[in-house]
Enquirer: 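Would you mind keeping the following structure in view while I ask a few things?
As a basis for the values below, the full set of heavy atoms in this structure was taken, side chains included, without hydrogen atoms, waters or symmetry mates. We name chains A, B, ... by the order of the sequence lines, and we start the count at 1 in each one.
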Number of protein chains: 2
Amino acid sequence: MKKTIFVFGILIVALLSLFQLSSYSIMAGDLSSEVFIAITAIVFLIVGFLLQYRRKERLLQPKPAPIDSDKINELGITDREHEILVKLSEGLSNKEIGETLFISESTVKTHLSNLYSKLSVKRRTQALQKAKQLHIL
Amino acid sequence: MKKTIFVFGILIVALLSLFQLSSYSIMAGDLSSEVFIAITAIVFLIVGFLLQYRRKERLLQPKPAPIDSDKINELGITDREHEILVKLSEGLSNKEIGETLFISESTVKTHLSNLYSKLSVKRRTQALQKAKQLHIL
DNA sequence: TTTCCTATCATACGAAAGTACCAAACCGCA
DNA sequence: TGCGGTTTGGTACTTTCGTATGATAGGAAA
């Protein structure tokens, strides 16, 4: 917000300066009004360009990683289950998931079964697809 | 390129119109030059804004996921194999893939086995991860 | 024509994955 | 202190997946 006020302040000052300069120069007769209009056009074209550039930059930032934790809670998915879901997306087998998390394969299966029912799916590949679709991965 | 020429053509015409209008009005004395400068400023601010917006839109579009068919050929993946890979990413079982493509489960298994070796993976979930990483999905 | 590639299908076997129970330990909360 | 949820683990069983091997058929290339 502070930036917006600052930018518009600058713009108004620039505009007023142009007014003054144009009045003076036209009186003096050394420059035509067309030149001022042209200058104004170019300057504000660039300003508008830059303003939009800045604005889009901000919109670009929050794009890459949207992990919807609200959705996770909404579905009642626990931390552990989500942790296992991540390992799943890395292509690990149940056994490998167990090894990386220091738990038995049985436990992994239990968590996955619960996860499947919460996602209303029957297979790990379906879980992956649904998880991505729901932005919880 | 055609668009760029068109847009700049419009801009030049607009500018010339303003010149004419300003000359006429100043002669007639019914409007001050400040008003024209202000109008010019606003118009070109908006134009600059819109131009940058379009440009950014184009930069944003190619983000999601282009399907790298060169990579597919490079890995020697056949059309049928890739077709099955797509079904895989939809979370279908071998049997279901067979049904949607009107082939037997055996054939699906054969294609998948070949696909796995071409992708250097051992499981379907790994295949999915690798396929996305290589932009062939 | 013979060879190579692709697509198709089958059988058999072992390895994963998934389901259905059950149960113990822990933790926070009422 | 007991209740409910989470995490952990187990057994037993079914289903799915993956591999190996072989076979047939069509099309493209040599």
Side-chain angles (χ1 to χ4, degrees), chain A residues 67-134 136-137, chain B residues 67-134 136-137:
Chain A
I67 318 153
D68 192 347
S69 48
D70 291 333
K71 202 78 194 177
I72 295 174
N73 294 326
E74 190 185 318
L75 293 171
I77 295 171
T78 68
D79 290 353
R80 204 53 162 169
E81 284 161 4
H82 188 263
E83 202 175 357
I84 287 173
L85 178 61
V86 172
K87 297 295 178 186
L88 200 66
S89 73
E90 291 167 6
L92 301 186
S93 68
N94 291 347
K95 194 179 176 186
E96 288 167 344
I97 294 172
E99 283 164 3
T100 61
L101 296 180
F102 304 107
I103 56 178
S104 79
E105 193 188 337
S106 299
T107 308
V108 176
K109 283 187 179 183
T110 305
H111 285 315
L112 279 178
S113 270
N114 294 332
L115 185 65
Y116 294 159
S117 66
K118 285 170 186 175
L119 288 175
S120 311
V121 298
K122 293 202 139 327
R123 277 180 290 281
R124 46 177 55 212
T125 46
Q126 271 188 346
L128 249 29
Q129 195 229 0
K130 192 118 184 195
K132 267 154 195 161
Q133 179 194 317
L134 295 175
I136 61 179
L137 249 186
Chain B
I67 317 148
D68 192 347
S69 48
D70 292 332
K71 202 78 194 178
I72 295 174
N73 293 328
E74 189 185 319
L75 294 170
I77 294 171
T78 67
D79 289 353
R80 204 55 161 168
E81 283 161 3
H82 187 264
E83 202 174 358
I84 286 172
L85 177 61
V86 172
K87 297 295 179 187
L88 199 65
S89 73
E90 291 167 7
L92 301 186
S93 69
N94 291 347
K95 194 179 174 185
E96 288 167 344
I97 294 172
E99 283 164 3
T100 62
L101 296 180
F102 305 106
I103 57 179
S104 79
E105 193 189 337
S106 300
T107 309
V108 176
K109 283 186 177 184
T110 305
H111 285 314
L112 279 179
S113 271
N114 294 333
L115 184 65
Y116 295 158
S117 67
K118 285 169 185 175
L119 288 175
S120 310
V121 297
K122 292 203 143 321
R123 278 180 289 281
R124 47 177 54 210
T125 47
Q126 273 188 348
L128 288 177
Q129 195 230 358
K130 192 118 184 195
K132 268 154 197 162
Q133 179 195 318
L134 295 174
I136 61 179
L137 251 186

Enquirer: Measuring from A/Arg124:CZ to A/Leu92:CG, what's the distance to the nearest 0.5 Å?
Expert: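 That separation rounds to 9.0 Å.
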Enquirer: Exactly one of A/His111, A/Glu105, A/Lys87 should register a side chain to side chain contact (heavy atoms under 4.5 Å, CB included) with A/Asn94. Which one does?
Expert: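 Of the listed options, the one satisfying the test is A/Glu105.
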Enquirer: What residues form a side-chain hydrogen bond (donor to acceptor under 3.5 Å, both in side chains) with A/Lys118, not counting sequence neighbours?
Expert: A/Glu81
Enquirer: Indicate, with a heavy-atom threshold strictly under 4.0 Å, whether A/Thr107 touches base, sugar-phosphate, or nothing.
Expert: base
Enquirer: Taking only distance into account, with no hydrogens and no angle test, what donor-acceptor pairs under 3.5 Å do side-chain atoms of residues 95-104 of chain A form with protein atoms, sequence neighbours excluded?
Expert:
from	atom 1	to	atom 2	distance (Å)
A/Glu96	OE1	A/Ser93	N	3.0
A/Glu96	OE1	B/Arg123	NH2	2.7
A/Glu96	OE2	B/Arg123	NH2	3.3
A/Thr100	OG1	A/Glu96	O	3.4
A/Thr100	OG1	A/Ile97	O	3.0
A/Ser104	OG	A/Ser106	N	3.3
A/Ser104	OG	A/Thr107	N	3.3
A/Ser104	OG	A/Thr107	OG1	3.1

Enquirer: So do A/His82 and A/Val86 actually touch side chain to side chain, heavy atoms under 4.5 Å?
Expert: yes
Enquirer: Would you grab the first and last nucleotide of DNA chain D (5' to 3') that comes under 4.0 Å of any non-hydrogen atom in chain A?
Expert: D/dT6 to D/dC17
Enquirer: For A/Glu90, check side-chain hydrogen bond (donor to acceptor under 3.5 Å, both in side chains) against everything at least two apart and list the hits.
Expert: none
Enquirer: Ignoring backbone atoms, test whether B/Ser104 places a side-chain nitrogen or oxygen under 4.0 Å from the OP1 or OP2 oxygen of C/dA10.
Expert: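 Affirmative; the distance criterion is met.
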Enquirer: Going by the side chain to side chain donor-acceptor pair (under 3.5 Å) test, which pairs reach into residues 67-76 of chain B, not counting sequence neighbours?
Expert: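 For residues 67-76 of chain B: none.
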Enquirer: Which pair of heavy atoms, one from B/Leu137 and one from B/Ser89, lies closest together, and at what distance?
Expert: CD1-CB, 3.8 Å
Enquirer: Quick one, give me the B/S/- string for nucleotides 16-30 of chain C, reading 5' to 3', where B means a protein heavy atom under 4.0 Å from the base and S means that only happens at the primed atoms, P, OP1 or OP2.
Expert: -BBB-----------
